[in-house]
Each structure stands twice: as structure tokens, then as C-alpha cells.
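Written out below as C-alpha cells is the structure these notes cover.
All values below come from the heavy atoms of this structure, side chains included, with hydrogens, waters and symmetry mates left out. Treat the numbers as computed from the prediction; the structure is a model and nothing was measured.
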Amino acid sequence: MEIDIIYNNEVGDLHETLGQIIYTISKEVQCYCSGNRDLHTRTMMLFDMLGSFTWDAKMVIILAAFATNYGELLLIIQLYPQNPLAVLVAMLKQLPNNLSAFRPQLKALGMLVQSMVDATQCIIEFEALRLQHIKIDDKGTFTTKSDLYIAAYWVIRSTLTCSSLVTDLIANNQEQLLIVLNFSVHIYNDLTRVEFQPNMNLSSATIAAWELSSLVFKMRGICGYLRKQVTICHMQIEDKVHQKLLKLFREPQMDNQELLCTLFALKDDMPLKCSSVQHKLSVSKLLNKVVLLLISKPDILPIEDLIFLVQQTYSLPHHDDLESSYEIVWVPITSSSTWTDTDTEVFYHLSNTLPWYSLREPWLLGSEVVKYIKQVWNFVDEPLMVVLDPRGAVSSPNAISMVFIWGSMAYPFSIFREQQLWDEVNWSLKLILDEIDPLMSMKIEEGRTICLYGSDDLDWIREFTRKMKEVISTGVQLELVYVGKKKPGKSISYTLAAIAQENLSDYLSLYEIHLFWLRLESIQRSKHQIGMSTDTDRILKEVESLMSHEGNSWALLGEGLSPDTLLYHGSDILECINLFPVWAQNVGRVGFLGAMRSALEPPHLTKPCCRCNVVPYVEGSTEGTVVCEECKRPMEKFVLYQCQGNQ
């Protein structure tokens, strides 16, 4: 947890670090061990010294102060006598020679320490509840706070007791300590059967032992009851936050502030950070803006996808015009309920590098908010980009595919805008290669015939490119480009090296190959999101057909910006190219693609095709051959004149 330090003059001045404050408290605890042992007075004195800290911070500081002594002793005992350094430290501190004898006895002390840690954890969890934003039962809150204050008192008091016992051991007060600890273990193991006779003479050691065991019993009771109360408060908050979020997303809002505060609010209302500005930021930075919530695991995306996402959102010319209109907020969520050290390290590295906002402490994100994101927005493992308009309404449940395809051109990233963008494009090679290889995109716009092919079979690649070069040598204008496969293995590097060394064809780089298949996947997801199917959408049908060939040898041919393309399995296209001398004479009449289609897909009609397609004349148009959608043969061209009479 992060401790927001509010300094008290009794603890330290404004220039003291947290470590110095812990050291000061540690010395105060040791003063109790060596001097006045009035437990209640010393406990209240420590409360006064920690008065300006929050309750969870008080507990963390007091346990850290205790750990400086207890941890040192425990480490020596665990390493002794195997570790020479531990032996030397034990000698310097004049500890008993047979430290292993203390291990069973220290178990009793460990029981009390564990109960103190458990109580502290309950206090931390209660302090993390968003009581200032969500109102719950006042009586329940008051009761829980009262129990929290009691638990805090007994944690500090138990700390003094434990520190006293540790000091006795270090001071080599063996006889008294052994009596205390042995008696403590005996009492704890059978606490309910311990009885004292009215006239029994109790030594100070016996009284201390009874106090230690009583503290274990008392702390566990306090912790158990506090845990129950914190759980009740947490369940109430979880239910109220869920209902509030449903209401906020259902009803029109004036702006996005209340909704974002409910999603991300921390105790200090400063939940955000930015890589370029490391200090805390408020959600007011997002007022009147379109907000893209990038919800993902701490590692977000593969590095290639991540680089491309940054490029699409921040490196394109369109972004400069929209810079103040939208913001991306990264919301990392772990697969489990806890954050590992690796998760935290990855988060800090990426959040300090990437050019967007992120949650400052994502591990403090309320479990009720995480539950809402998973249940309502269907977040599992794959990244989501939920888009909120300036009023906080969800305008797209997941815009990440749209961003991968169009970048900031997709602003304001709504479902309506996504549909609008698709209405403006047709199926062509440019659609699947755009923004990946600028040189190849330029060739497509010039109207050149391009053949994209993929395979992990180097023998097939050599045979295919050799035969295609034979076709090119006859004067056919055709360019070959290798685009790999969706999930390339280690052999892809060897394949690319062989293509380059043997000059078999042009090829995309490893990074461009990854982007090519990412674009196809993004097109597929985007089309499905707006409700398209292969029965009604040509683009989706072609993309899914292409992706179904992934893993095999295949070739896709297209001419310029024309929607007319050919996609065939590797063996089929080799068979067709072998017969090129047979159908080569048709190339001049219907073009290379038309001739190849006629060879691969001969018509099976019992009667002539009568389909008619009227194309409006556009001045300067150079409309090429049009292929019939029914019989797959080139259509004969006629010119139709329309009389312009009186309107």
C-alpha cells in the first residue's frame, strides 16, 4: 500500500523520510522494553506520535518498526548455524549458543505476530473502502469503525509485548524467556482447559506468559469479528456501486465526471497518472472529452501490437487535429485478485513509457468495479477499448479493432462511426494492405496486378515463384509478395532469408507480416461487432475465406483498387499455371485475372447467361473488364445512351 504521509511534529519534520519515521517509532518501542513497562501508557503515547497518519498507515508503520527487531532475530535463528555470517552476528549480540532450541518457543510468538498482521490487513481493507463516495448503513459503519479503533489499540499493545520478549532474548535473559515461551505454548495449545487456583502464587514470568497467550486469543477474536464487519461493509458497497453504475450508464448525464469518479475514485480523488506528468491527476482532465478505456492485463498486448496501437492513435497526422478531443485511459486488471511483483513491475514500466493516461494504482481498483467490467463489458483476457462519449455514455463496447484499422480517423470511435467507415470502403487489396507497406499501397493505387501468397513450405514457394516468373517473362505485368502466415514459427526467419537470398519475390518484413494478419483479424472482429455475416457482407466473406487458408499454401491475386480478386489453394494455382500456354491467348482479351478465372472456374451453364450490369458513366473513367458475379465470365461492354427530354 502507498502511505500518504502527513507529518506530526512529535514524529518528524517535513524533511524526514518514511524510513526515518519508522526508525523513530522503533526506538520508542525499544524504550518501553528497557524502561517503563506501563503497557497502556506507552500504547497511548505511540498513538499520539502517529496521530496524523491514517489508521491503516499507523498499523503499517508500527509493524514495520517492530519488524526491525523481530525480523533481525528471526533471520539469525533461521540461518544459524549453517550461515557463517549469522553465527558471527549471534556472537556479537551474545545470543545463546543453541539457538535451534528457541524455534518451537518462538512459534508462540509467531502466532501473536500473525494475528497482528491479520488485524492490520482488515484495517487496511476497511480504509480502502470508498465510504466517502458510496453511502451505506450508518450504524454498520459506526460499529465497524469502533471495532477498528479497538483492533488498532491491541495491535500496538501486542507490538510492545512482543518487542519486550525479543529484547529479553537478545539480552540473553534465557531462564525467564524460556519459562514465558514454554508456558505460552502450553496455554495456547489447551487454552480452554487452563485453570488457576485462587491461592496460586504466580511468578512474573507466568503472568507474562499468560498475557502473551491471552493476547493471541484476544487478537484472533477481534480480528475475526472485524473481518466479518468489513466483509458486510464491502458487500454493501459492492452492491451499491454496481447499481449506481447501471443507473449512470442507463440515464443521460450532463458530463462524464460522476461516472468516472464512481469507476476510479480513490481516497484522494486523484486516480490518474500520465507518463509525461508523473504527479497525481484528477478525472477533471477528462471533462468534455471522448474517453477510450483501454482495459487489459498488465502486459496489455504483444509488443508489435502495442507499438502499432501507439502509432495509430498518436503518430498519425489526424491526431494533431483531434489532440484535445479524446484521451486514452489504461485500466490494467490482473487475471487473479492479487497483483504479483511482476505485474507491478510491468505496469510501472509501461505506464511510464506509453503516451496515455493510466490508473495511478490499479491494484486499488474496487473489486465491485472489476466485477462490473467483467460481467457487463465482458472483459476476460483479450484487451477491450470501451468508448465513452463526453457525457459518459458507452458509444462503443470495443473500438480496438476500429482503432487498429483506421487509427484516429475513426474519431469519435462510436459504433455509428464504425458503420459509416465501412460504408465508405469496398473489398480490394488496398483494404488489407493499407498503412502496412506504403510502397505496396502506392503500387496498388497505380492499378498494378499484385499476387499475395503465403506458405511455410519452402519447396512450394520455390516452385510457385519459378512458374510465376515464367508467366511474367511473357509480358504479363505481375508482382509477387510473400506475406507469411498468422502464427509464424521459428522457420519464418529461414523462409524470409531464403526468399531474399534466392531473389524469389518481394516480401513483407516480420513486423509487417504480423500487422498484415492483425489487420485481417481486426477487420473480422469489426464486421462481427456491427452485425455483419458472410451471407450479406462481401468483405467479411473474403477475409474469412483468406484466413481459412492460413496454415496452407495459397495465393490471392488482385488488380489495383478493383474488388475483383482471386483466392486459390496452393495446389490449384500451380495446376492452373502449368496450363498457362493453353489459356494465355485470353489474357489480351479479358486480362490476366479474367483469363485465370476462366481456366480455374470454367462455366457450367446449360444456357447463356443474361445478367446485365449498368455502370454510370464518369468522365475520365478507365473502367476495365467486369466479371459476371453469376457465371464468372468477362462481361461484354456496350454503351447505353439515355435521352434527356423535358423534365
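- Ring centroid separation for the pair F404 and W517 does not come in under the 6.0 Å cut-off.
- Ring orientation note: the planes of Y372 and W377 are nearly perpendicular, at an angle over 60° on the 30°/60° scale.
- Counting heavy atoms from C-beta outward, D381 and S335 have side chains that approach closer than 4.5 Å.
- Listed for the Q253 side chain is a donor-acceptor partner under 3.5 Å among the backbone atoms of E251.
- In this structure the side chain of I62 never reaches within 4.5 angstrom of the side chain of K58, judged on heavy atoms.
- Legend: salt bridge (Lys or Arg N to Asp or Glu O under 4.0 Å) pairs involving residues 406-427, not counting sequence neighbours: none detected.
- Using a 3.5 Å distance cut-off with no hydrogens or angles, the side chains of T68 and S26 do pair a donor with an acceptor.
- A salt bridge links E479 with R448: at least one charged nitrogen is closer than 4.0 Å to a carboxylate oxygen.
- For K273 and E361, the salt-bridge test fails: no basic side-chain N is under 4.0 Å from an acidic carboxylate O.
- The side chain to side chain contact (heavy atoms under 4.5 Å, CB included) test with I123 singles out one residue from V230, L226, T54, and that residue is L226.
- The local environment of OH in Y511 is crowded, with over 12 non-hydrogen atoms from other residues, nucleotides or ligands closer than 6.0 Å.
- Of the possible polar contacts, none joining the N256 side chain to the R391 backbone as a donor-acceptor pair under 3.5 Å is found.
- In the model, D341 has no side-chain atom that pairs as donor or acceptor with a side-chain atom of T344 under 3.5 Å.
- Side-chain atoms of Y453 and S505 form a donor-acceptor pair, as typed in the model, at a separation below 3.5 Å.
- Residues F126 and W55 place their aromatic rings such that the two centres sit no closer than 6.0 Å.
- Each of T495, I499, L480 was checked for a side chain to side chain contact (heavy atoms under 4.5 Å, CB included) with L504, and the lone residue meeting it is I499.
- Salt bridge present: E521 and K486 bring a charged side-chain N and a carboxylate O closer than 4.0 Å.
- Between the side chains of S526 and W422, at least one donor N or O lies within less than 3.5 Å of an accepting N or O.
- When the shell of 6.0 Å around CZ of F249 is examined, it contains more than 12 heavy atoms from other residues, nucleotides or ligands.
- Looking only at side-chain heavy atoms (C-beta outward), D239 and M235 stay at 4.5 Å or farther from each other.
- W330 and F347 have tilted rings, their planes meeting at an angle from 30° to 60° on a 0 to 90° scale.
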